[in-house]
Asker: 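What follows is a single structure, and I will ask about it in a moment.
Below, all heavy atoms of this structure are taken into account, side chains as well, without hydrogens, waters or symmetry copies.
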Amino acid sequence: MDRMKSHRHCLLGVALLACLTAGSLGCSSDDDDPGYLGPPLYVTAFTDVTDAAGFSGVTATYVAWGDYDGDDDEDLILDGRRLFRNNGDGTFTETTVAADIDPAGGGAGAAWADINNDGHLDLFCSGYEDATANSLDRLYLNDGDRTFTDITTAAGVSENYESRACAWGDFDGDGYVDLYVANYEDPPGSGTAAPDRLYMNDGDTTFTDATAAAGIAGVTQQVGRAVVCCDYDDDNDLDIYVANDKLGPNFLWRNNGSGVFTNAAATAEVEGTDEGSGYFGSSSGASWGDFDNDTDFDLLVTNQRSPAHPAYEDKTHFFINFTVGDFEDWYDFSYVTAPDKALCPAWLDFNNDTALDFYLCNEDGTGKLYNGHGTGAFIDVAGSAALAVQNPLGCASADYDSDGMPDIFICASDQVYLFKNNHDRFNYLRVKLTGTTANKAAIGSIVRVT
């Protein structure tokens, strides 16, 4: 599940977003070729509005959407250190300094959540180490007046590790969101894995390091690159998937119901593929979504691989959840040819036809937009959709202009790009969730529409 979408406005093409489904649509077949896709359906070109929106000359690698000022327009944070407020008229204003965001903090992934259930989105930014080996991680408490207070140390989430990714979820069901931080190397560039951290929310803007108590410290450390949460086994608690770099196995932390976890990646067959060499993938990204429209969550995991070593470096995985917690890699049947330097997948139903599509970043080439047919099969339409960006490194989707169509923000090697979605063929449903007994931002909620 895309954490940037799980707590805000869900845009549904008839009845769908990354966590929703309402039957298959748009796939042709015949007896001779049951996987035949037919032509791509309902593709309309996006418009590059980067300059007009106020992002001319801006560079970044990581992006996360979130409405921090409560005006129902999606704002965004870049690299965990540059904040842009959506003005509601198609333009954005950088408010980093005005909002008291540290421009020297962060540097990597970021995630929005309401940690104290006061109705305002707070922000955790994962980061690298500075020259003095101090972590650049930052936890910002939203003051409710478009400013933030840095409470990293006071909250108990300060650590001296290089971290690339983070995710929020109420893992113990107490109504307050907890924090998982996927750490990278220690020291940076050494190839030695840094330990991940799980912080449980005490309910008073402080956190307790529960990594050991939750069972996470008992597993061999890996070099964490991405983390995404989802109730994949449909037992009403959030589980955690961690994509690990440097040829290590990935983690699937199955929640046992009280914030204690078991690594189920091997039994669920989603840790990657070990061909007997002892090596898995260099995983670079992951995202949950029901891409075969059967009402349970599937998993897309990107990998970076060298053409010189195909025998022991994983390709991108499409793990279809055929029964609860029983996955099968569907890549060879997906019609997808993922690039060797695939990064950062993002689900979006760009044409509101109830079948999930996805954008795939490519560090060494053109980005891909795959049109889904609701059966686990896809076709690349980036060219016809005018999304053929070169060397995209990170991306995230949101309806920034509130017209019912998911737009996309792409961080490429040369600059950032904002693309407006021009599609208008189908209807949509806009939903805003507010937790009562659940956490206020409703992170982890599932909406099903028929």
Side-chain angles (χ1 to χ4, degrees), residues 1-28 37-49 53 65-67 71-76 86 88-90 287-298 345-359 369-382 384-387 395-409 418-434 441-442 445-450:
M1 182 189 306
D2 186 331
R3 61 180 176 270
M4 274 76 78
K5 298 174 192 171
S6 63
H7 62 281
R8 294 303 301 160
H9 305 131
C10 294
L11 302 174
L12 316 176
V14 182
L16 177 81
L17 191 65
C19 53
L20 315 173
T21 179
S24 299
L25 192 143
C27 180
S28 301
L37 294 179
L41 301 180
Y42 317 130
V43 178
T44 301
F46 286 71
T47 298
D48 183 348
V49 295
W65 293 97
D67 177 19
D71 63 356
D72 290 334
D73 292 317
E74 298 293 336
D75 314 299
L76 51 81
N86 189 333
D89 59 0
S287 187
W288 294 97
D290 180 17
F291 54 80
D292 60 349
N293 273 356
D294 65 352
T295 73
D296 55 25
F297 289 99
D298 313 300
W347 294 109
L348 70 160
D349 182 12
F350 77 88
N351 53 7
N352 280 3
D353 67 350
T354 79
L356 273 182
D357 317 301
F358 72 96
Y359 185 85
L369 177 66
Y370 283 99
N371 182 199
H373 288 249
T375 62
F378 301 86
I379 187 168
D380 183 8
V381 297
S384 54
L387 281 178
C395 64
S397 177
D399 180 20
Y400 81 92
D401 54 357
S402 301
D403 66 353
M405 303 305 305
D407 312 295
I408 189 164
F409 194 95
L418 176 61
F419 287 95
K420 174 179 168 54
N421 190 338
N422 298 313
H423 196 82
D424 61 359
R425 185 181 180 109
F426 295 126
N427 295 326
Y428 68 94
L429 173 66
R430 180 174 175 128
V431 178
K432 181 177 180 179
L433 302 180
T434 301
S445 299
I446 298 174
V447 176
R448 290 189 170 94
V449 179
T450 300

Asker: Could you tell me which residues satisfy side chain to side chain donor-acceptor pair (under 3.5 Å) with D403, sequence neighbours excluded, listed by chain and number?
Answerer: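 Partners of D403 by the side chain to side chain donor-acceptor pair (under 3.5 Å) criterion, ordered by chain and then number, come out as K420.
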
Asker: With sequence neighbours left out, what residues match T47 under side chain to side chain contact (heavy atoms under 4.5 Å, CB included)?
Answerer: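 Side chain to side chain contact (heavy atoms under 4.5 Å, CB included) check on T47 returns V49, N422.
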
Asker: Output all residues satisfying ring-ring contact (aromatic ring centres under 6.0 Å, His included) with Y359, sequence neighbours left out; order by chain, then residue number.
Answerer: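 Checked Y359 against ring-ring contact (aromatic ring centres under 6.0 Å, His included); zero matches.
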
Asker: Using a 3.5 Å distance criterion without hydrogens, assess whether the side chain of N352 forms a donor-acceptor pair with backbone atoms of Y428.
Answerer: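 Such a contact is absent between N352 side chain and Y428 backbone.
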
Asker: Do F426 and N351 come close enough that some side-chain heavy atom pair is under 4.5 Å?
Answerer: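 Side-chain contact under 4.5 Å: no.
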
Asker: Residues in side chain to side chain contact (heavy atoms under 4.5 Å, CB included) with A382, at least two apart?
Answerer: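 If we apply the side chain to side chain contact (heavy atoms under 4.5 Å, CB included) test to A382, skipping adjacent residues, the hits are L369, D380.
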
Asker: Verify, without hydrogens or angle tests, whether D401 (side chain) and G90 (backbone) share a donor-acceptor contact under 3.5 angstrom.
Answerer: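 Looks like no, no N/O pair under 3.5 Å.
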
Asker: Any side-chain heavy atom of E74 sitting closer than 4.5 Å to one from D399?
Answerer: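 Not touching, per the 4.5 Å side-chain cut-off.
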
Asker: Give a yes or no answer on whether the side chain of D292 reaches the backbone of G376 with a donor-acceptor pair at less than 3.5 Å.
Answerer: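 Not at all, since once roles are kept as given, no pair shorter than 3.5 Å links the two residues.
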
Asker: Just verifying a value: how many Å separate T375 OG1 and D294 CG, rounded to the nearest 0.5 Å?
Answerer: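 Output value for this atom pair is 11.5 Å.
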
Asker: Taking atom CG of L418 and atom CG of L76, what is their separation to the nearest 0.5 Å?
Answerer: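 Spacing of CG (L418) from CG (L76) equals 8.0 Å.
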
Asker: Report the relative orientation of the aromatic rings in W347 and F358; use parallel for angles under 30°, tilted for 30 to 60°, perpendicular for over 60°.
Answerer: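 Aromatic pair W347/F358 classed perpendicular.
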
Asker: Enter the distance from C395:SG to L348:CG here, rounded to the nearest 0.5 Å.
Answerer: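 Rounded to the nearest 0.5 Å, the SG-CG separation comes out at 8.5 Å.
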
Asker: Test of understanding: with side chain to side chain donor-acceptor pair (under 3.5 Å), list the residues that count as partners of N421, not counting sequence neighbours.
Answerer: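 With sequence neighbours excluded, N421 shows a side chain to side chain donor-acceptor pair (under 3.5 Å) to no residue whatsoever.
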
Asker: Find out whether V381 and F350 are in side-chain contact, i.e. whether some heavy atom of one side chain is under 4.5 Å from a heavy atom of the other.
Answerer: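 Yes, side chains in contact.
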
Asker: Could you give the distance from CE (M405) to CG (D349), rounded to the nearest 0.5 Å?
Answerer: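 Answer rounded to 0.5 Å: 7.5 Å.
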
